[in-house]
Protein chains: 2
Amino acid sequence: MNGAQKTPRTPPIDPVLFAKALADETRQEIMKRLCCCWLSVTDLVEQMEGRINQPTVSHHLKKLEEAGLVRVRREGRHRYYTLNQEHLTVCCDMLVTTFAPQQTDVDHSTVL
Amino acid sequence: MNGAQKTPRTPPIDPVLFAKALADETRQEIMKRLCCCWLSVTDLVEQMEGRINQPTVSHHLKKLEEAGLVRVRREGRHRYYTLNQEHLTVCCDMLVTTFAPQQTDVDHSTVL
DNA sequence: TATCCTGATTGATAATCGTCGATTTGTCAA
DNA sequence: TTGACAAATCGACGATTATCAATCAGGATA
């Protein structure tokens with residue numbers, strides 16, 4: 001009885017990294033499929049119905065993970081991914097704040 | 001007494017277009033400089049202090065305009081740009097909504 | 001008109017990025 | 001061990017994109 005494990009690292013709060021992670025149609029489709037459940041890479045490949053294959057899905061998941069937008073859970077030989085809703089919300093709030101007027105350069109390198 | 005004129009078209013609500021517009025460091029810097037005032041292309045080029053030149057600034061402004069993130073005002077031979085705060089907020093809200101769970105595919109092609 | 005100024009457009013180039021086939025790594029079950 | 005499966009990594013290729021120099025279009029002023 002082990003293996004189950006959450007992503008530990010605090011997600012990066014970086015407006016450019018965040019936007020780049022979202023700046024792809026395929027990645028957004030993956031995010032939609034992960035918004036309500038945990039799916040493995042194989043699950044995602046199946047749901048894409050031959051439009052993209054396994055290495056590509058892995059590649060996109062890596063980018064999303066680097067941006068802190070997905071959580072990973074390892075279970076046996078599977079890895080289950082799900083969307084990190086909280087971080088998405090935090091980043092969206094940060095965007096609005098970053099580009100708000102009367103802005104005196106908020107520091108986003110440290111988590112609030 | 002004429003010339004002064006706002007951008008008429010309702011900005012597009014498209015999560016991928018929005019993210020792509022934000023997915024560049026230079027563009028985000030331009031957005032920061034436009035968040036509190038109206039600046040001309042020449043103003044922006046000066047503020048960038050030789051790091052990017054005029055055609056590049058124009059190119060970035062075009063992308064931001066296509067995403068509805070800047071407003072333009074023509075005045076004589078000048079064109080003044082400023083950030084469209086409202087649309088930025090709308091798009092961020094849309095992102096959170098789009099990837100929220102219990103989502104029954106909200107239509108974003110029509111403005112709310 | 002001619003000239004100057006502002007900013008958009010074009011064409012070329014280099015860098016980045018998405019995609020895939022092939023391979024590798026890691027885990028479970030015989 | 002071995003074999004089977006899941007998923008990451010690697011290398012290559014094509015498409016997209018950021019950038020710049022050069023040019024062009026429109027408006028102001030003389």
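Chain letters run A, B, ... following the sequence lines, proteins first and then strands; every chain starts at 1.
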### Message
Taking only side-chain N and O atoms of Tyr80(B), does any of them lie within less than 4.0 angstrom of OP1 or OP2 on dG7(C)?
### Response
no

### Query
Should Asn53(A) be listed as having a side-chain N or O under 4.0 Å from OP1 or OP2 of dG21(C)?
yes

### Query
Hey, does the side chain of Ser58(B) come within less than 4.0 Å of dA8(C)'s phosphate (OP1/OP2), counting only N and O?
yes

### Query
Does CD in Gln47(B) sit with more than 12 non-hydrogen atoms of other residues, nucleotides or ligands closer than 6.0 Å?
yes

### Task
Compare all side-chain heavy atoms of Glu29(A) with those of His60(A) and state whether any distance is below 4.5 angstrom.
no

### Task
Let me know the distance between CD of Gln54(A) and C1' of dT24(C), rounded to the nearest Å.
11 Å

#### Entry: From CG (Leu95(B)) to CD1 (Ile13(B)), nearest 0.5 Å
10.5 Å

### Query
First and last nucleotide of DNA chain D in contact with chain B, 5' to 3', at under 4.0 Å to a heavy atom: what are they?
dT17(D) to dA28(D)

### Message
With a 4.0 Å cutoff (strictly under), does any side-chain N or O of Thr42(B) reach OP1 or OP2 of dT6(C)?
### Response
no

### Query
So what does His59(A) hit on the nucleic acid, given a heavy-atom distance under 4.0 Å: a base, only sugar-phosphate, or nothing?
base

### Sugar-phosphate, base or nothing in reach of Ile52(A), heavy atoms under 4.0 Å
sugar-phosphate

### Task
Verify the distance criterion only: is there a donor paired with an acceptor across the side chains of Ser58(B) and Gln54(B) at less than 3.5 Å?
yes

### Message
Can you see if the side chain of His60(A) gets near the phosphate of dT19(C) - specifically, an N or O under 4.0 Å from OP1 or OP2?
### Response
yes

### Query
To the nearest Å, how far apart are Asp43(B) CG and dC5(C) C1'?
14 Å

### Query
Near DNA chain C, which residues from residues 21-29 of chain A have a heavy atom under 4.0 Å away?
Asp24(A), Thr26(A), Arg27(A)

#### Entry: Whole-Å gap separating P (dT6(C)) and CD (Glu46(B))
9 Å

### Query
Are Met48(B) and Val70(B) joined in one hydrophobic group, where the rule is that I, L, V, M, F, W and Y side chains link up if heavy atoms are under 4.5 Å apart?
yes

### Query
How many angstroms lie between atom CZ of Arg33(A) and atom OG1 of Thr82(A), to the nearest 0.5 angstrom?
14.0 Å

### Task
Calculate, to the nearest 0.5 Å, the distance between atoms OG1 and CZ belonging to Thr98(B) and Phe18(B) respectively.
11.0 Å

#### Entry: Residues Glu46(B) and Thr42(B): side-chain donor-acceptor under 3.5 angstrom
no

### Along DNA chain C (nearest heavy atom to each residue), the more 5'-positioned of Pro55(A) and Lys20(A)
Lys20(A)

